[in-house]
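Below is one structure, written out as structure tokens, with a few remarks after it.
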Amino acid sequence: MYFKPRVFISSTFSGNLNIRKSIKTFLSEAGIEPLLYETNLTPSVKPFTYREDILSADFVILFIDNKYGSTTETGLSGTEEEYSLARKYNIPLHVYISKKVNTLVKNVSSSTDQNELNESKKLKKFIDRINEDRTSYFLFSNTKELEKKIKENTAKLIFSVATNFIVKNGLSNHNSQLISLNNDVTILTKFIKKWIIAKSLKMNIP
């Protein structure tokens, strides 16, 4: 295979290890290479450096539950750092936000527990930032619904990655606009086949 989409999975670790594993398994079975911090990325003692590995991803799946996460030297959680990098380098992403978060951020001032109050404030600030960036997102009620929505959106994910890939590899602006506007799989498929043939000939692959 000459082109295998690489998808970075971004979230907090606490309470999410099982769903992260499930998403990883599903993406692998769909022919996508999942990237997870705990299995793929290279740690570094330098602030922010280890997250630069997200730049090798073609797409980011980011989900937010009811936790903001521990902050790093940047003052942000790992998840928000990854969001920042995706935005900065124009890496396509799907954002999923738990409905529990909406409840938390709406009732920030009502909490009497200081830790819970601080967590809610950080979450609210992050969600406000996402809204200010005009980043669209999907809502989910539980991990089962989250996994279902990610599976339903996989076709869109692959289409987005493939379109970006072929634009980088020579598709005309006119054809790329046609694909984007009409979701024209015919043009997309023709170009990918043409690219694979050209690549095979160049590499003398039978």
Check S77 against G69 and note the closest heavy-atom contact, atom names and distance. CB-O, 3.9 Å

Could you state the interatomic distance from CG (N66) to CG (L123), rounded to the nearest 0.5 Å? 7.5 Å

Where is the tightest heavy-atom contact between E82 and S11, given as atom of each residue plus distance? OE1-N, 4.3 Å

Can you name the closest pair of heavy atoms from P5 and G31 and give their distance? CD-O, 4.0 Å

Could you tell me the separation between the CD atom of E152 and the CD atom of E145, rounded to the nearest 0.5 Å? 9.0 Å

Hits for side chain to side chain contact (heavy atoms under 4.5 Å, CB included) against K21, two or more places apart or cross-chain, chain-then-number order -> none

From the options K122, E80, K125, K121, select the one residue that forms a side-chain hydrogen bond (donor to acceptor under 3.5 Å, both in side chains) with Y68. E80

From CZ (R87) to CZ (R129), nearest 0.5 Å: 8.0 Å

On a heavy-atom basis, the closest approach of A57 and L35 is CB-CD1, 3.9 Å

Could you pull out the closest heavy-atom pair between R20 and S10, with the gap in Å? NH1-C, 4.0 Å

Would you say that F138 contacts L146 through its side chain, given a criterion of any heavy-atom pair below 4.5 Å between the two side chains? no

Roughly how far apart are L62 CG and Y137 OH, rounded to 0.5 Å? 13.0 Å

Check: T143 and N18 side chains under 4.5 Å, non-hydrogen atoms: no

If we ignore angles and hydrogens, is there a donor and acceptor under 3.5 Å between the side chains of T74 and T72? yes

Decide yes or no for V101 and F126: does some side-chain heavy atom of the first lie under 4.5 Å from some side-chain heavy atom of the second? no

Do the non-hydrogen side-chain atoms of Y83 and L76 ever get within less than 4.5 Å of each other? no

Counting C-beta onward and ignoring hydrogens, is there a side-chain heavy-atom pair between V60 and L85 closer than 4.5 Å? no

Does F140 reach the side chain of E147, with side-chain heavy atoms less than 4.5 Å apart? no

Going by atom type alone, with no hydrogens or angles, which donor-acceptor pairs under 3.5 Å involve a side-chain atom of residues 91-98 and a protein atom two or more places apart or on another chain?
{"residue": "Y96", "atom": "OH", "partner": "N153", "partner atom": "ND2", "Å": "3.1"}
{"residue": "S98", "atom": "OG", "partner": "K100", "partner atom": "N", "Å": "3.1"}

With side chains defined as the heavy atoms from C-beta onward, is the minimum distance between F63 and I23 less than 4.5 Å? yes

Shortest non-hydrogen pair, I9 vs K24, comes out as CD1-N, 4.0 Å

Note, D65 side chain near I19 side chain (heavy atom, < 4.5 Å): no

Measuring from atom CG of D128 to atom CG of D133, what distance do you get when rounded to the nearest 0.5 angstrom? 11.0 Å

Rounded to the nearest 0.5 Å, how far apart are NZ of K151 and CG of L27? 10.0 Å

